[in-house]
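Working notes, structure below.
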Amino acid sequence: MIKVNFEKAEEIKNLSKHIDGAKTHISDLLAGKIDMTGWVDHPIKYDKEEFSRIKEVANEIKSEAEVLVSIGIGGSYLGAKAAIEYLSDYYSNRKGVEVIFVGNGLSEKYLKETLDYVEGKNFYVNVISKSGGTLEPAVAFDKFKALVEKKYGHDALKKRIIATTDKAKGILKEEADREGYRTFVVPDDIGGRYSVLSAVGLLPIACAGFDIDKLMNGAENARSIYTTLDENKNDAMKYAIIRNLYYENGKDIEVFATLSPNMQYFAEWLKQLFGESECKGNKGIFPASLNMTADLHSMGQLMQDGKRNMFETFIMIENDFDETRVKYNDKFFVNDLNDIALRATEKAHHTGNVPVIEIKVAEQNETTLGELFYFFEISCGISALILGVNPFNQPGVEEYKKNIKELLK
C-alpha cells in the first residue's frame, strides 16, 4: 500500500477549501460523466480475453526472439519504459527479451544505430499508435517493417509485427487488416498518457518478463482505496487538493524527486501525465524531476536558494536494496546513508520554503508499481478538474502536429 506523508505539507490545514469539489469530481469520474475516463474502472473491467492473448503473444516472443522493438511516442512508450526500468535490475535482468524503444524522436543517428543493432538479432516489432499517422512512430515503423521483410521475408510480417491501435479505423488498423498483423486495442475511452495498464503498456512489460497479473492487481487495490469519498482514507484526493493550494499560493512548479536511478523514467511518465493533463489555458503546475542524491550536486543550489515558486514530492521505495546488503561501516549500510541524505534534504528544503510531500511504497515490484500508476492517474484527474481544466485533451500538442503537416507539404 502507498503511504503518503503530509507532515511537512503546511497546506493540509486548509484542505476543506476544495474537499466538496474533489468529492464531486471523483463521483463524476466514476460515473463516466467526463469523456476519456475508461482508465478509472479499467483495473476491474479490462478485457480478460485480450489480456490472455497479450500473455500468449508475450510468451511466444520470449521463446522465439531476443528483442522486441516497441515503436511509439508519448503515452505509447513512456509508461512501458517507466515500468521496465522500475522493475529491472541495473545490469543482468533478462527475465524476458530485451525491449528497445524507437519512434519516440527523429534522431537519424539513433534510428540508424538501432536498425544496425537489431539486424543481427532475432526480433519482433510492436507498433503502437491510435491512428498510425503520428510522424515519429510512422517513420520508425516504415524502417523496421522493411527490416522485417528483408530479414524474414514478406510472409513473416503477419507473425513478426503486432499492431496496438484503434479497434476499427485509422491508417495502422487498415494496414494491419490488409497485411494480417495481429492486433491489440488502444481503448477508445483511454487517452495515451493514461494507457499504460492497457495493451499499450502491458505487452512490452510482459515481454520484458514481468508479471502483468500482479501489476493489474496493484492497480485494482489502488482503485478501491483512491476512489473513496472519505477524505480521511483517500490520500490521492488530499494530494490533489494540496497541489492546488500550493499553486494558489504561487507554487507553480512541482519537483518530483526520486531516490533510485531506475525511477527516472517513472518521473518522465509523471511529467507527461501532469504536463499534458493540467497545463492549459495559461494555467498549470510545471512538472520537473530530480534524481537524488546525484542532482543535489547539480540542482541543490536552485532548490535551496532559487526562486521560491516550487514544492517537492519525494517518491520513495522503503526497501530499495538487494538481499545482500552493502555496508558502509560497522554502523551504516549504504541505504541508511541514502535515508539520512533524504532527511537532511527534506529538512533543508522545508526550512528554505520549499514544501515537501512524501509518497512511499514498501518494495519495488509489479504490485506497488500498479498502485503508483493508479494513484497518480486519479490524483492528476482530480487535480486538473479542481484547477478548472479538462485533464483528457491536449490542444497544444495538436497545434504542433498541424504545423508539422503544413511544413511537410
Side-chain angles (χ1 to χ4, degrees), residues 18 20-47 50 72-79 128-134 164-173 183-202 216 219-220 222-223 226-229 234 236-237 239-241 243-244 269-285 287 373-402:
H18 291 299
D20 290 342
K23 290 180 179 180
T24 299
H25 297 321
I26 293 173
S27 297
D28 289 347
L29 290 170
L30 287 169
K33 292 184 178 180
I34 307 167
D35 289 340
M36 302 301 287
T37 53
W39 56 272
V40 176
D41 285 334
H42 185 73
I44 58 173
K45 292 185 177 179
Y46 63 91
D47 185 332
E50 180 176 69
I73 195 167
S76 295
Y77 98 98
L78 272 173
I128 305 164
S129 177
K130 179 75 171 171
S131 66
T134 304
T164 305
T165 188
D166 191 89
K167 65 182 178 183
K169 62 183 185 300
I171 298 168
L172 182 55
K173 173 60 176 170
T183 59
F184 293 105
V185 173
V186 178
D188 288 337
D189 56 356
I190 300 179
R193 58 190 175 275
Y194 293 85
S195 69
V196 61
L197 298 173
S198 73
V200 170
L202 292 177
M216 296 305 291
E220 182 178 355
R223 184 204 168 277
Y226 301 120
T227 56
T228 178
L229 300 184
N234 191 337
M237 185 199 303
Y239 172 58
I241 294 171
R243 297 178 79 254
N244 278 273
W269 175 79
L270 286 173
K271 283 151 72 172
Q272 186 200 4
L273 179 69
F274 283 94
E276 278 197 349
S277 297
E278 282 193 320
C279 298
K280 296 159 192 171
N282 297 314
K283 299 178 182 179
I285 300 169
F373 276 138
Y374 195 88
F375 173 89
F376 280 108
E377 286 178 351
I378 194 77
S379 297
C380 182
I382 299 166
S383 182
L385 290 168
I386 292 172
L387 186 61
V389 300
N390 181 350
F392 310 117
N393 65 3
Q394 50 278 340
V397 175
E398 301 309 318
E399 183 68 19
Y400 119 83
K401 289 181 179 180
K402 184 181 75 173

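Predicted model only: the values in this text are computed from it and were never measured.
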Are the side chain of Ser195 and the backbone N or O of Gly192 linked by a donor-acceptor pair below 3.5 Å?
yes
For the pair Thr165 (side chain) and Ser129 (backbone), establish whether a donor and an acceptor sit closer than 3.5 Å, ignoring hydrogens and angles.
yes
State, yes or no, whether a side-chain contact exists between Leu30 and Asp41 at a heavy-atom distance under 4.5 Å.
yes
Shortest non-hydrogen contact from Arg243 to Ser383?
NH1-OG, 2.7 Å
Report yes if the side chains of Pro287 and Leu270 come closer than 4.5 Å at any heavy-atom pair, otherwise no.
no
If I compare all heavy atoms of Ala199 with all of Phe184, which pair ends up nearest, and what's the gap?
CB-CB, 3.6 Å
For Phe376 and Leu273, the nearest pair of non-hydrogen atoms, with its separation, is O-CD2, 3.6 Å
Under 6.0 Å from the CG atom of Asp188, do we count more than 12 heavy atoms belonging to anything else shown?
yes
When rounded to the nearest 0.5 angstrom, what distance separates CG in Leu385 from CG in Asp28?
8.0 Å
Non-hydrogen side-chain atoms of Ile190 and Val186 separated by less than 4.5 Å:
no
Would the distance check show the side chain of Tyr374 and the main-chain N or O of Val40 forming a donor-acceptor pair, the cut-off being under 3.5 Å?
yes
Can a donor-acceptor pair be found, under 3.5 Å and without considering hydrogens, that links the side chain of Lys280 to the backbone of Asn390?
yes
In terms of the angle between their ring planes, are Phe274 and Tyr239 parallel, tilted or perpendicular, with boundaries placed at 30° and 60°?
perpendicular
Heavy-atom closest pair, residues Leu78 and Gln272:
CD1-OE1, 3.5 Å
If you measure from CD1 on Ile378 to CG on Leu29, what distance do you get to the nearest 0.5 Å?
5.0 Å
When you compare the side chain of Met237 with that of His25, does any pair of heavy atoms fall below 4.5 Å?
no
Is there a donor-acceptor contact under 3.5 Å from the side chain of Glu50 to the main chain of Val185?
yes
Any donor and acceptor pair, going by atom type alone, linking the side chain of His42 with main-chain N or O of Leu197 inside 3.5 Å?
yes
Kindly indicate whether the side chain of Ile26, heavy atoms from C-beta on, has any atom under 4.5 Å from the side chain of Asn234.
yes
Determine whether the side chains of Tyr194 and Ser277 contain a donor N or O and an acceptor N or O closer than 3.5 Å.
yes
Calculate, to the nearest 0.5 Å, the distance between atoms CH2 and CZ belonging to Trp39 and Arg193 respectively.
10.5 Å
Ignoring hydrogens and geometry, is there a side-chain-to-backbone donor-acceptor pair from Lys283 to Leu387 under 3.5 Å?
yes
Phe392 vs Thr37, side chain to side chain contact (heavy atoms under 4.5 Å, CB included): CA-CA, chis, key distance, verdict
CA-CA 8 Å; Phe392 310 117; Thr37 53; 3.5 Å; yes
Out of curiosity, Asn244 CG to Ile285 CD1, how far, rounded to the nearest 0.5 Å?
5.5 Å
Heavy-atom pair of closest approach, residues Ala22 and Ile241
CB-CD1, 3.9 Å
Mind checking the CD1-CG spacing from Ile171 to Asp166? Nearest 0.5 Å is all I need.
12.0 Å
Roughly how far, to the nearest 0.5 Å, is NZ of Lys173 from NZ of Lys130?
11.0 Å
Shortest non-hydrogen contact between Ser379 and Ala240, atoms and distance
O-CB, 3.5 Å
